[in-house]
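Side chains are part of it too, since the values below use all heavy atoms of this structure and drop only hydrogens, waters and symmetry mates. Just so it is clear: chains get the letters A, B, ... in the order the sequence lines come, proteins before strands, and each one is counted from 1.
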Number of protein chains: 2
Amino acid sequence: MNALPILEPTMDGTCCSPSGTPALGAEEAKQKALVFKALADPNRLRLLSIVKAGESGEACVCDLTGPLDLGQPTISHHLKILVEAGLLHREKRGTWAYYSLVPGALEETAGLLATL
Amino acid sequence: MNALPILEPTMDGTCCSPSGTPALGAEEAKQKALVFKALADPNRLRLLSIVKAGESGEACVCDLTGPLDLGQPTISHHLKILVEAGLLHREKRGTWAYYSLVPGALEETAGLLATL
DNA sequence: CTCATATATTGATGATTATCAATATCAGGG
DNA sequence: CCCTGATATTGATAATCATCAATATATGAG
């Protein structure tokens, strides 16, 4: 029920994949796939993009329901997936929930491709 | 029925997304999501990894059915998806089909994250 | 041509997912 | 306390997807 530390150290025994990575193990692959799963939806990519493009670096749900042609519950659902993937950070201020990019998360995800 | 040139120039009117990208359009997001969809499966990540790790930089289907616990038709199916996403290249030599990484494809995909 | 082997395609099935409508929670104002 | 507005959760449904069994295609050997 809580966010998985997907982008945290792999914690499956081996630390940091010993440079000359031979091939991807089943468990490791499953972890990495989770992040790409979160990115595998056009609307979620647009959500990330809008959050990133914003002046303040953050956006509330109400800023996001407009551009995308989706209902509010669906937006909330997508945002939750992005948070659980470790890509977005959620901060509740008053009635509003503000979402912002987790610093370095996109770069780290790009790095996953280099270490395949 | 043929491979989509997903990683080719965007060809949706605007060329090269004018540096200060404001936000991701619906069409653009759909295209980018296709590549991440291809990466959003653990077994496909492992296939990419094995192909990449191979000495010769290529692998035939018979090299891939072993490590993954999947039937041959399923492997073929996953490979097709990776080819259509522009990540793998397929070359038929005799009875065998050799798959290799499309040069620069992974780097280009990593770049997609930077230009969200 | 016939056979054996490697790969691809088809069709079916169970699992996952995206979406919405309805409802719940939660904070602030009166 | 009650109301309003913002966001989250639940339950249902349609679509997509991963997998397999069966079959098809294609290539080289004899």
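Remark: B:K80 is not in phosphate contact with C:dT7, judged by side-chain N or O atoms under 4.0 Å from OP1 or OP2. Distances shown here put a side-chain N or O of A:Y99 below 4.0 Å from the OP1 or OP2 atom of D:dA8. The side chain of A:T95 contributes no N or O atom lying less than 4.0 Å from OP1 or OP2 of D:dA6. Note on B:K92: every side-chain N or O is 4.0 Å or more away from OP1 and OP2 of C:dA8.
A:E107 pairs by the salt bridge (charged side-chain N to carboxylate O under 4.0 Å, His left out) definition with nothing, not counting sequence neighbours. With sequence neighbours excluded, no residue forms a side-chain hydrogen bond (donor to acceptor under 3.5 Å, both in side chains) with A:R46.
Atoms CH2 (A:W96) and C1' (D:dG5) sit 8 Å apart, rounded to a whole Å. Distance, B:L64 CG to D:dT19 P: 14 Å, rounded to whole Å. Summarising the geometry, the separation between CG on A:L79 and C1' on D:dT9 is reported as 14 Å, rounded to the nearest angstrom. Atom CZ of B:R46 and atom C1' of D:dA18 are 16 Å apart (whole Å). At whole-Å resolution of the value, CG in B:D63 and C1' in C:dT7 are 13 Å apart. In this entry the distance linking CD1 of B:I75 with C1' of C:dT9 reads 16 Å, nearest Å. Note: CD (B:E91) to C1' (C:dT7) measures 15 Å, nearest angstrom. Nucleotide D:dT19 holds its P atom 10 Å from the CG atom of B:L47, rounded to whole Å.
Around the NZ atom of B:K30, the shell of radius 6.0 Å holds no more than 12 heavy atoms that belong to other residues, nucleotides or ligands.
Between A:H89 and the choices A:L82, A:V102, A:V51, the side-chain contact (heavy atoms from CB on, under 4.5 Å) rule is met once, by A:V102. The side-chain contact (heavy atoms from CB on, under 4.5 Å) with A:P67 is formed by just one residue from the set A:L47, A:I75, A:I50; it is A:I50.
Among the protein residues, A:Y98 comes within range of no part of the nucleic acid, since none of its heavy atoms lies under 4.0 Å from any strand. Nucleic acid contact class of A:R93 (heavy atoms, under 4.0 Å, all strands): none.
The CG atom of B:L70 sits 11.5 Å away from atom OG of B:S76, with the distance rounded to the nearest 0.5 Å.
In this structure, B:V61 is not a member of the same hydrophobic cluster as B:W96, with clusters built from ILVMFWY side-chain heavy atoms closer than 4.5 Å.
Of the candidate nucleotides D:dT7, C:dT7, D:dT27, D:dT7 has the atom lying nearest to any side-chain atom of A:A97.
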Under 4.0 Å protein heavy-atom contact, by nucleotide of nucleotides 14-24 of chain C - B base, S sugar-phosphate only: ---SSBBBB--
